[in-house]
Amino acid sequence: KKHKDKEKLKHSDGGSDKHREKHKEKDKDKEKRRDEKVCSWLSLCSSPSIKSEPEEDNGFYPSPQNNKSSKRECEYKPKKVKAEHDKKAKKRKHEYEEDEDEEHKKKTKDKKVADGKKAKKEEEEKWKWWEEERSTDGSKWRFLEHKGPVFAPPYEPLPGKVKFYYDGKPMKLSAPAEEVATFFAKMLDHEYTTKDIFRKNFFKDWRKEMTSEEKSTITDLNKCNFSEMSEYFKAQSEARKQMSKEEKQKIKEENERLLQEYGFCIMDNHKERIGNFRIEPPGLFRGRGDHPKMGMLKRRIRPEDIIINCSKDSKHPKPPPGTKWKEVRHDNKVTWLASWTENIQGSIKYIMLNPSSRIKGEKDWQKYETARRLKKCVDRIRSQYRDDWKSKEMRIRQRAVALYFIDKLALRAGNEKEEGETADTVGCCSLRVEHIKLYPKMDEQEYVVEFDFLGKDSIRYYNKIPVEKRVFKNLQLFLENKQPEDDLFDRLNTSILNKHLQELMDGLTAKVFRTYNASITLQQQLKELSCSDDSVPAKILSYNRANRAVAILCNHQRAPPKTFEKSMQNLQTKIDEKQNQLSAARKQLKAAKADHKASHDEKSKKAVEVKRKAVQRIEEQLMKLQVQATDREENKQIALGTSKLNYLDPRISVAWCKKYGVPIEKIYNKTQREKFAWAIDMAEKDYEF
DNA sequence: CTTATCACTTAGAATCTGATAT
DNA sequence: ATATCAGATTCTAAGTGATAAG
């Protein structure tokens, strides 16, 4: 039997030992707690009755054909998309068709115009990419033109009066050393700067920027006094807040100009919004969790570091005067417009399009279609992995148990990571012995597994869950003769797992289970919680609760907002006020009624009605506030955004809104509506995931 | 097979903005 | 008019997974 031997030397780094006691308490309060999860959803998601749909996959796997410019009309996919809800998504300013692009507005343009005639004026302005055919040859675009990225503003030296002190004595720093010092000064209030690794990394990199004199003088970070610099920046930001309206307006306009100039590109005849057109400014690296590289200097990116990607026949972006790009290439197999290599991890960073763009939207749509295909065969896959728990091969058993966790608990795949390069976090395949505990009996339950590990972003996953006996026995087997730091699944990695999944279903990978289980959970929860008779706020509470169930499943946590207690209190004050108002209004109503009883005239009758209305209105307002309070309380440590944006098929939400008469704006804000325009346009009230 | 590289999605925190309260 | 706060937006780190290279 082969044994995988990945060294686990992480605790042998002698350098940091002496400082360990210092972090202890800090680390502790960083730990995030989470409530126990309810995992009852599993049994609910295996409905075998899949409504037969008119071959949804067609859109994604069109028959191969020549899609070079010659025959654009043929590629048009006559999808039966109704147009009547277009009024919903009115002003999407930036999705206009591009007119300036002379050489390239050929067939598509003509077709568009012809198409548009049927629709109303405003509708022909937004491009419904989802009604068009997708390219089949793996190319991501045919034409791409942009102006390149916006660079970080150059360093502005501090005014002479702002001093840095070393060992109590003022010291004028060279510009490069001063710049790096300001990065530290700006973070002085942050807990980061007290951490030893951070300080060590910072000091090491800072010294690299110093002149040799500075280097020989400044040898101890503890003797450095940045407080004047820190005060200066605080004053600056205060001054910025105090600026007059005109000045603020000016800055706003400048930003808008930059956005208009650099924030858009032209891709295949359409003007599309760029996601991140600004290059990341230099600064100190802030990792998440216990990151070995925190505090390192993130260097300034120059034009010479940037690779530009665009069409050969486009107007190439110009580098700033006196500089050159690293390279200009024309690769239409990728979606990025510019890239550079970052110096902390040596990874590549990209400039890409906004989520509202065709290129992102298509991919997103496709992701949900893959998840829906999983829905059709998930029963088969589940029964297979259950069978595999009995396999005589260890690797198959491990694979099957891991897959069970991924499916049941929505764990991430868990790729291996390079040790010492990143914080020590794990996913399913990289779980170690130390991350689980087995309890043959716990309280009323049998075969309980306790998970406790740090996942992506060093967010803690803590969960106790009863599993089937067979899983439990397998886990005991996997744990035999292992040290805490050994891999739980020593015969498995994400590559093996995904290869297996690929055989079970085309396009299936571990992360599809997260998408699938998230979306199906939302759909079920909505079904369960929604009530047509509820008021709109109550319906929204139900929606948020369904969303919350998903966020809990996916372990999307957040640090409770700093102002949480306060904001709860504020809300409670409002509720109390409203309650007083209500009783006052009720009293008035009573009085009016009595008055009416006595006089029986028209005027008093009217007064009763008026008061009745008032009471009703206040009741409604009170209800709304109470619902809001409940919602907020339940949301204290749970982040809904991530699942809403990345895991929940937006068509489920759109359909729900239509079915229950909830305006889509109550569920998705403007940005979200732009991202999900395709779903808002195509989903009907009977849409089923 | 293992490892490295690349491209892309997913993630929570930080910061900004504009509506509402004072 | 100004302060406050919540929601929107921006930022960029940290994952996944395909594929190339060794």
Side-chain angles (χ1 to χ4, degrees), chain A residues 2 4 6 32 138 140 187 190 192 237 240-242 244-245 248 251-252 255 259 275-281 283 285-289 291 293-294 298 307 309 331 333-336 339 341-342 344-355 359-360 363-364 367 412-418 421-423 425-430 454-459 493-499 501-502 507-512 514-515 518 551 554-559 561-564 566-567 570-571 573-574 628 632 637-647 668-672 674:
Chain A
K2 163 198 101 161
K4 217 159 68 178
K6 292 185 228 152
K32 305 193 175 163
K140 306 291 171 70
M187 296 177 79
H190 204 290
Y192 273 119
S237 78
R240 224 170 306 130
K241 263 190 264 173
Q242 299 300 323
S244 70
K245 244 193 274 158
K248 279 184 181 165
I251 290 171
K252 207 177 150 192
N255 277 331
L259 173 68
N276 55 327
F277 57 92
R278 282 170 213 271
I279 301 272
E280 296 172 19
F285 176 79
R286 312 146 86 117
R288 310 250 168 106
H291 197 116
K293 300 197 169 186
M294 63 170 78
K298 215 171 82 159
I307 302 173
N309 192 33
D331 182 357
K333 299 280 185 279
V334 297
T335 67
W336 51 269
S339 72
T341 301
E342 152 268 352
I344 304 288
Q345 323 267 356
S347 66
I348 309 170
K349 301 253 180 159
Y350 302 93
I351 292 199
M352 291 187 190
L353 296 193
N354 194 68
I359 213 152
K360 294 289 183 191
K363 201 77 187 298
D364 205 37
K367 173 181 75 188
R412 295 188 184 82
N415 281 319
E416 291 110 305
K417 309 166 68 186
E418 209 178 328
E421 296 291 301
T422 59
T425 62
V426 297
C428 185
C429 293
S430 50
L454 297 181
K456 183 178 179 179
D457 293 319
S458 294
I459 297 289
N493 61 37
T494 53
S495 171
I496 295 168
L497 178 64
N498 281 333
K499 227 158 260 156
L501 292 175
Q502 191 60 240
L508 187 62
T509 62
K511 86 187 190 86
V512 177
R514 254 168 98 83
T515 311
C554 293
N555 200 37
H556 291 142
Q557 300 189 41
R558 61 168 183 182
K562 284 192 181 65
T563 54
F564 185 83
K566 183 121 176 264
S567 101
N570 287 346
L571 202 52
T573 315
K574 276 192 195 170
Q628 202 184 352
R632 193 176 296 176
Q637 289 174 281
I638 299 171
L640 299 188
T642 301
S643 50
K644 203 175 192 175
L645 237 45
N646 300 300
Y647 288 102
Y668 291 136
N669 68 27
K670 180 166 143 286
T671 312
Q672 297 170 155
E674 283 168 3

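Note that the structure is a prediction, hence the values are computed from the model and not measured. Residue numbers begin at 1 in each chain, while the letters A, B, ... track the order of the sequences.
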Listed nucleotide nearest any side-chain atom of A:A639, set B:dG18, B:dG12, B:dA7: B:dG12
Against the side chain of A:N646, the closest entry in B:dG12, B:dA11, B:dA7 is B:dA11
Given that A:Q242 and A:S495 both sit by DNA chain C, which one's nearest nucleotide is further toward the 5' end? A:Q242
Under 4.0 Å, heavy atoms only, any strand: does A:K499 hit a base, just the sugar-phosphate, or nothing? nothing
Just the atom pairs and distances: protein N or O near nucleotides 4-7 of chain C's N or O, under 3.5 Å.
unit_1: C:dC5; atom_1: OP1; unit_2: A:K566; atom_2: NZ; d: 2.5
unit_1: C:dC5; atom_1: OP2; unit_2: A:K566; atom_2: NZ; d: 3.3
unit_1: C:dA6; atom_1: OP1; unit_2: A:S567; atom_2: OG; d: 3.3

Which part of the nucleic acid does A:P355 contact within heavy-atom distance under 4.0 Å: base, sugar-phosphate only, or nothing? nothing
Are the side chain of A:K293 and the backbone N or O of A:A423 linked by a donor-acceptor pair below 3.5 Å? no
Taking the side chain from A:E342 and the backbone from A:S347, do they hold a donor-acceptor pair closer than 3.5 Å? yes
From A:N276 CG over to A:N354 CG, what is the distance, rounded to the nearest 0.5 angstrom? 9.5 Å
Measuring to OP1 and OP2 of B:dT9, would you say a side-chain N or O of A:K360 lies under 4.0 angstrom away? yes
In this structure, how many angstroms lie between the C1' atom of B:dT15 and the CG atom of A:N255, rounded? 13 Å
Please check the phosphate of B:dT10 (OP1 and OP2 only) for any side-chain N or O of A:H556 closer than 4.0 Å. no
How many whole angstroms separate atom CD1 of A:I348 from atom P of B:dC8? 11 Å
In whole Å, I'd like the distance from the CE atom of A:M294 to the P atom of B:dA13. 15 Å
Report the distance from atom CZ of A:R558 to atom C1' of C:dA8, rounded to the nearest whole Å. 14 Å
Mind checking if A:R514 touches a base, just sugar-phosphate, or nothing, with heavy atoms under 4.0 Å? sugar-phosphate
Without decimals, in angstroms, what is the distance between A:L640 CG and C:dA8 P? 12 Å
Check the surroundings of atom NZ in A:K417: do more than 12 heavy atoms from other residues, nucleotides or ligands lie under 6.0 Å from it? yes
Using a 4.0 Å heavy-atom cut-off, write out nucleotides 13-18 of chain C from 5' to 3' as B (base contacted by protein), S (sugar-phosphate only) or - (no contact). SBSBBS
Taking atom SG of A:C429 and atom CZ of A:R412, what is their separation to the nearest 0.5 Å? 13.5 Å
Under a 3.5 Å distance rule, please check whether A:Q502 uses its side chain to pair with a backbone N or O of A:G507 as donor and acceptor. yes
Under 3.5 Å between N/O atoms: give me all the protein pairs with nucleotides 20-22 of chain B, atom names plus distance.
none

Winner on side-chain proximity to A:M352, out of B:dA13, B:dT9, B:dA14, is B:dT9
In whole angstroms, how far is the P atom of C:dT12 from the NZ atom of A:K293? 18 Å
Derivation of the side-chain contact (heavy atoms from CB on, under 4.5 Å) call for A:I307 and A:W336: CA-CA 10 Å; A:I307 302 173; A:W336 51 269; 3.9 Å; yes
Rounded to the nearest Å, what distance is computed from the CG atom of residue A:N276 to the P atom of nucleotide B:dT9? 12 Å
Interatomic spacing from CG in A:D331 to CG in A:N309 - rounded to 0.5 Å: 5.5 Å
To the nearest 0.5 angstrom, please state how far the CG atom of A:N646 sits from the CG atom of A:D364. 7.5 Å
So, is A:K367 near the phosphate of B:dT10, with a side-chain N or O under 4.0 Å from OP1 or OP2? yes
Has A:Y647 got a side-chain N or O lying under 4.0 Å from the OP1 or OP2 atom of B:dA11? yes
